[in-house]
Amino acid sequence: MEALVATAIGLLTASGVYLALRPRSFEVILGMSLMSYAVNLFLFATGRLAPGLPPIISSTATGYTDPLPQALVLTAIVISFGMTAVLVMLAVGAYLQSGSDAVDPEDRQE
Amino acid sequence: MRAGRGASAWAAGLTTAAALAGVMTMAPAVLRGEVLAQRLDWLPLLGLSFSLRLDGLGLLFAGLILGIGLLVIIYARFYLSARDPMGRFFTFLLLFQGSMLGIVLSDNILLLAVFWELTSLSSFLLIGFWSHLPAGRQGARMALAVTGAGGLALLGGFLLLGRIAGSFELSVILTKAAEVQASPLYLPCLILILLGAFTKSAQFPFQFWLPQAMAAPTPVSAYLHSATMVKAGIFLMARLWPVLAGTPEWFAIVTTTGLITMLLGAWVALFKDDLKAMLAYSTVSHLGLITLLLGLGTKAALLAAVFHILNHASFKAALFLSAGIVDHEAGTRKIPRLGGLARLMPLTFVVATLAALAMAGLPPLNGFLSKEMLLEEAAQTTFAGSEWVLAVLVTLGAAVSAGYSFRLIGAVFLGPVRQDYPSKPHDPGLGMSGPVLLLVALVLAIGLAPMLVAGGLMQAAVQASAGGPVEVYIKLWHGLQTPALWMSVAAIGGGLLCVGALPRLQAIDRTLSLPEAKVIFDRTIAALTQAARAVTRITSDTALSRAVLLILATFAVLAAVAFATGTHTAGTRPSTRLELAPAVLWLGVALPTIAVTLMYRDRLLALILMGGVGLMISVGFAYLAAPDLALTQISVEVVTVLLLLLALNILPKTAPPEPAARRWRDAGLAGVAGLGMAALAYALLTRNAAFDPISAFHLAQSKPGAGGNNAVNTIIVDFRAFDTYGEIIVLGIAALVIAAVGYPLRRSIKPIAPASADAHPVIFGVAARLLLPIAMMVGVYLFLRGHNLPGGGFVAGLVFAIAMMLQYLAEGEERTFARQRVPYLALMGAGVVIATATGMAAWAFGKPYLTSWFGYVTLPPLDKFELATASLFDLGVFLCVLGSVLAMLHALSRITKRVG
Amino acid sequence: MTPAVVAPILLPALLAAMMLLFARQNLAVQRVMSLAGTSGLIVLAIYLSGLGEPQAYHLGNWPAPFGIVLVADRLSALMLLLVAGLAAVVALHVVATGLDRQGASFHPLFQFQLMGLNGAFLTGDAFTLFVFFEVLLIASYGLAVHGGGAERLRAGVRYVATNLVGSALFLIGLGVIYGVTGTLNLADLAVKVASLPPSDHALIRVAAVMLLVVFALKAALVPLHFWLPGTYANTSPAVAALFAVMTKVGAYALLRFGTLIFPPGTAATQSLWPDILLPAALITLIVGSLGILGSQSLGRLTAFAAIASMGTLLIALSGFTPQATTAGLYYLIHSTLAIAALFLIADLIDARGGDEQPGGATLPQSGLLACVFFAVAIAVAGMPPLSGFLGKLLILQARWDQATLVWPAILITSLVAVIGLARTGSLLFWKTPGEAASSPNPLTFAAPVLLLAALLAMTVFAGPLTDALARTADALHDPATYIAAQQVQP
């Protein structure tokens, strides 16, 4: 299963990077979101895979997965969300003020 | 206004006079041979201290700087017109004077470098004083560039010198001649220091800035270009003479440079039609002469050099001031327009002629004496393998010098009186003529009685410079046997010849067409500026894609190199079995991801696909034993998709096509990035950590230490609560930014008619309205159980917010938000305050910030339940998340309301 | 354990939250709170500087490395003082020129920015460093687009997106570090990385490179500097003056990680960092200096001056010896103050109606403005008598080991910078003859003059200052004290 997770991370990264390199703001936002999925998965994966062993302390549990990466990912998800929201607002604002949703100064949509 | 002019001149003059008086009081001791020193620590770590020394050489130069400075101040008071800002002029002048004094009085070479650059800066201000003239601005900048470059080279040389000698104190360095000259760093050190000296003193090939600096007012030129600034390089060579001189390298470089400069400067001066330009080039030539003498390396030559420093300063200053008088009174500096002024300005004629004859080297003036000593030394030196080459060349130089001196006298003063002077020439008042008279008196006095007037000073100066005893004996008549006498006669004769044959010589000059250094310099600067502009353009408005590309590419290259140069062993962790469910999930993630990549141009579709990916990932988290993560991921996912939908309402719904080349290039990089990440992830997934992870503690202490069964939650609100604190603040700031950007945008949008007639279907609204209280209950439930089971403040806040967002979608902005009077940003602020205050409560118990407490409480009729301060913290989190998300929603909804 | 360690983070946060709760529309109250807050931070920073030994603060009363620890050592205290001082001056300037009226929420954002900066300097945990990086970044997004406008917003989009990539890299790097060593605490990492088995060396090297790229991105090292000119030139100059300290966060992180976790003697990473940093710093210096010469507007010139100064700084810091670090720290303080001063002067020139484009509209003559500009230009160019010159001297001496590369680079680029600044100054102030301008509001000059005074003080008191910095540098290169400070059980 490790290979599954690893390839999923790779696919998400590739897609995210590809979209983030596009010249319009909406694709950049999508790409950043995909990249953040990839990064979150990656961070989670550093706790290694232990399916079926949630980190809830109980007397019947045989083991626990590493809770720390999960906590880190939680924080990362919320922070990325905040950043994404700001990015969206700026993109919308730039579009409304200038009539173009191009990200770069030269790539102006006529 | 007049009071202001006078006042500043008085202030400047008195300051200089006081300084001069101060130096004079110390003079007797110095003339006796003592060296006065003073030292103040400045930056011991660097070896830089504020050390001053006054010896004979310093005394000579200080006297020149202050004495001529005082005369220039008096002269300037009357020379500058009413429109020139006097206060500024004298400030700059005093700044410059101070810096020059600093150079000659420094006992620490780094300190000397500081003052050296200060003179560059203050002369920049002085040369550009008439800033309305383009020549003034350009001259100032050229001077700054050239002398600045030299100053930096000098700095390098000094750092090397200090390193070789082991100290930056001059008193130490001057004793280390042997070590310095034997060191392998001697040549680079020498070249760098000489670069500094040659640029400052306008030696070949750096002479071109000096004539450009003629755009300054005449008193400035007199001061800078005759007495002080250009002498700084000479001073430096004289000061470091004991340490650096005497080697074949020194002789070769310095003597040759001096010789070329002397000849070149004289030749160009001969043909100049502007008085100041002629004087400027003659200064260059005379400085070359002094450089030549310093290069010869003998004590006698050193004496001649020091003596000529004094003499040249006196007659050149006098000549510059006289040129200023002619300019001021006759209205022009152009030689072809002058002539016949002898009768109209007799006083000026006399003093100028005396000074010019001193420049030509005629007895019984001081110029003759030093010229004689020069010729004597030249006659005795072997240069370029021959005994007489130097003598001939020097005589030639002297001849041309005499030539332009005679031309000056003849063309300006002799001849018939003209009818077409721009203004009426007459002798000036005492204010302007006084300083010139004083200087010329000095010229005569030294010439007639050299040992009496200047002997003591020369003795002290030369000994200070040479670092050892020197016999000083200057006299007017050496007898007929000396070759110097005949060379002098030849020179004077040659000079007369020059004047006579001027037109023919001019023809030769035109055919020679030497490359104009100014043009080369300007072209170099222009090329450099062009290159700089290109670099700047590329670096400035870069496309985002290029920036991101560079970041990723840089990382990829560096990571590959770092990995390859390190040792790696594959991990040995047993891999988990592959089941069907995760394989399906994988498909559920991979397929939409690939689809998004291919079909992103339809933005709505892309958004939905992305939401699907997020959903699958959330399920994946649940499968992989991360229930909190799954909850959070899905709720954040929903909010994000909703926000993006709102944005898509405004942004264009499709993306335009792009060139294939670009897409392939980006796909390539994306592929590399993906592969790298996958490999990295796989490497980590298949290995165990090298040490026990710290989370073992968290798992062990989750219930006993933090009072909760949900280890992830206890980490978030207890063990690592500070991270959470930062995280909610990030969210809060995001809301703040969005509100700050969003609200002003409302005013710039025109409302558009809605696309659909029924924007808000009733059934949708009713359903949302029913859903709201249910959702709120779910939220509260999730909040309360978070400490022991998946849930917590975040998820609760998000659930609440989602419920409200659904209502907004269903019912529109007015219905949803009009009922609420709650200011969302204040709600967010309250959440932050609660979280902060909860942490601070621990201080009351003497514990560090955010120390949690939990206990069990029994309240009849309820069963025993647990109270934990972490829950209060979670409450702060909840409020902050709720307030932030609602604030974002509100801000965005206001815009979409207007637009659609 | 003194709560003064956590106070620099809590104070601005509380102030901002209170502003949002009670004074959202009341600019006067916000101004007072802001100025009072920055003064309080200065006091705290001075107190922390006087403590000497590194002070650890175990948040939540959990022992290191299991909980989050804040550590106030000399370097942290120095950075706190620098930020607090600069913030106070910028706040003064903003109030005097009325910048905070131009958009909403300036002061809360400003306070949150300070919180992020202080948190980054005080934390002893790698993930907390990430969190506070995000805090200071997102606050800077708000400040950067303060005042609105199409170009500003668009530049903001690029700035945000670039930093998102950086944040992603940071997280991945942290993931690798945790995955390999199992800890996030800096002191614990130092111990563990030093004793890492060879089988993990390659992975930790990759993580080290990742962190290097992230910090170098913050520090605007070439080729990761592309975000800076666009962002700095498009935002209001007073905000850019505050941003002058943000690049220093990158330098701080490089210094902290490079002396504590990846020092040159470590088996796993050896000289990986210095080998990459020195060439990058040299190129950055060259690009920045060329930019000073090639810029067509004062705002852009200052942005490139910032880049050039980061290059010089990293030339010093990449030496990783106590002498080089001392020189670097001195130059760090100098360049922050000098670049900020240049931005503030650019703001005044802008406001005076002198078009930022030299050769554009005429600039009414103001002697004071020209004088201050001249002094600031000297400071930025690194000419005597101000501290830039001393800083460069210290760096030249400290990097004798690489003199053939470093000395020509620093000396020649200084010349290029001087030529560029002289050209701009001449075009701005000399090209047009002046009529006397209306007398300027003296308060608007207060901020740049204060900064100049600080630079002058740095010059005059260079001896005592460098002695103090040398003690800081020595402590940095002896990580045992830092590590030991955290073993104290709470």
Side-chain angles (χ1 to χ4, degrees), chain A residues 1-2 4-15 17-21 24 26-27 30 33 37-38 42 44-46 48-58 64-68 70-71 73-75 77-79 81-82 84-86 88-90 92-93 95-96 101 103-105, chain B residues 541 543-545 548 575-576 578 582 586 589-590 593 596-597 600 603 606 610 617 623-627 629 632 636 640 643 647 650-651 655 666-667 670-671 673-675 677-678 681-682 684-686 695 698-699 702-703 709-712 715-716 723 727 730-731 734 737-738 741-742 745 888:
Chain A
M1 205 180 337
E2 280 75 13
L4 276 183
V5 176
T7 44
I9 294 176
L11 259 174
L12 285 166
T13 310
S15 176
V17 168
Y18 180 73
L19 285 177
L21 290 173
R24 309 265 159 204
F26 194 78
E27 281 76 53
L30 282 184
S33 300
Y37 292 157
F42 180 89
F44 169 73
T46 63
R48 280 106 209 173
L49 301 179
L53 298 174
I56 312 286
I57 310 292
S58 82
Y64 306 106
T65 189
D66 194 333
L68 187 54
Q70 297 191 16
V73 173
L74 265 172
T75 309
I77 289 180
V78 177
I79 290 181
F81 165 67
T84 309
V86 169
V88 169
M89 191 70 212
L90 290 182
V92 166
Y95 177 74
L96 285 174
D101 70 335
V103 180
D104 305 319
Chain B
D541 291 314
L544 175 66
S545 52
V548 172
S575 59
T576 39
L578 180 57
W586 184 89
V589 169
T593 307
V596 167
T597 319
Y600 65 86
R603 287 175 173 171
M610 201 196 76
I617 291 181
Y623 180 81
L624 288 171
L629 266 185
T632 314
V636 169
T640 310
L643 272 176
I650 302 172
L651 296 171
D666 294 342
L675 275 170
M677 275 286 277
Y682 190 74
L684 282 176
L685 280 166
T686 54
S695 45
H698 300 136
L699 280 169
S702 182
K703 187 67 187 174
N709 281 322
N710 183 349
V712 174
I715 291 179
I716 286 183
D723 280 344
E727 165 197 349
V730 170
L731 204 55
V737 174
I738 289 174
V741 172
L745 284 176
M888 292 182 199

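Throughout, a chain's letter reflects where its sequence line sits, starting with A, and its residues are numbered from 1. None of the values given here were measured: they were computed from a predicted structure.
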Could you measure the distance from the [atom1] atom of [X] to the [atom2] atom of [Y]? Nearest 0.5 Å is fine.
| X | Y | atom1 | atom2 | result |
| --- | --- | --- | --- | --- |
| Leu684(B) | Phe42(A) | CG | CZ | 5.0 Å |
| Ile617(B) | Leu12(A) | CD1 | CG | 5.0 Å |
| Thr632(B) | Leu74(A) | OG1 | CG | 4.0 Å |
| Ile77(A) | Leu629(B) | CD1 | CG | 5.5 Å |
| Thr75(A) | Glu727(B) | OG1 | CD | 4.5 Å |
| Asn710(B) | Lys703(B) | CG | NZ | 11.0 Å |

Between [options], the one whose heavy-atom pairs under 4.5 Å with chain A are most numerous:
| options | result |
| --- | --- |
| Pro582(B), Ser545(B), Ala734(B), Ala670(B) | Ala670(B) |
| Thr597(B), Leu731(B), Asp666(B), Val730(B) | Asp666(B) |
| Leu699(B), Val741(B), Thr686(B) | Leu699(B) |
| Val636(B), Leu675(B), Val596(B), Val737(B) | Val636(B) |
| Gly674(B), Ala681(B), Ala590(B), Gly671(B) | Gly674(B) |
| Val589(B), Leu624(B), Ile716(B) | Leu624(B) |

What part of [X] lies closer than 4.5 angstrom to a heavy atom of chain A: side chain, backbone, both or neither?
| X | result |
| --- | --- |
| Leu651(B) | both |
| Ser702(B) | side chain |
| Met610(B) | both |

**Request:** Check Leu685(B) against Ala6(A) and note the closest heavy-atom contact, atom names and distance.
**Result:** CD1-N, 4.3 Å
**Asked** What pair of heavy atoms forms the shortest contact from Pro67(A) to Ser695(B), and how long is it?
**Response** CD-CB, 3.9 Å
Option that, when pairs with chain B are counted at under 4.5 Å, heavy atom only, ranks first among [options]:
| options | result |
| --- | --- |
| Thr46(A), Val73(A), Thr13(A), Thr65(A) | Thr13(A) |
| Arg48(A), Met89(A), Gln70(A) | Arg48(A) |
| Leu30(A), Ile9(A), Val5(A), Val88(A) | Leu30(A) |
| Val92(A), Leu11(A), Leu68(A) | Leu68(A) |
| Ile79(A), Val78(A), Asp66(A) | Val78(A) |

Answer with side chain, backbone, both or neither: which region of [X] has an atom nearer than 4.5 Å to a non-hydrogen atom of chain B?
| X | answer |
| --- | --- |
| Ala8(A) | both |
| Tyr18(A) | both |
| Leu4(A) | both |

**Request:** Could you check if a side-chain atom of Pro51(A) sits within less than 4.5 angstrom of a side-chain atom of Met1(A), using non-hydrogen atoms only?
**Result:**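 When only atoms from C-beta onward are counted, Met1(A) and Pro51(A) do touch, with a gap below 4.5 Å.
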**Asked** How about Tyr64(A): does its OH atom have over 12 heavy atoms from other parts shown lying under 6.0 Å from it?
**Response** yes
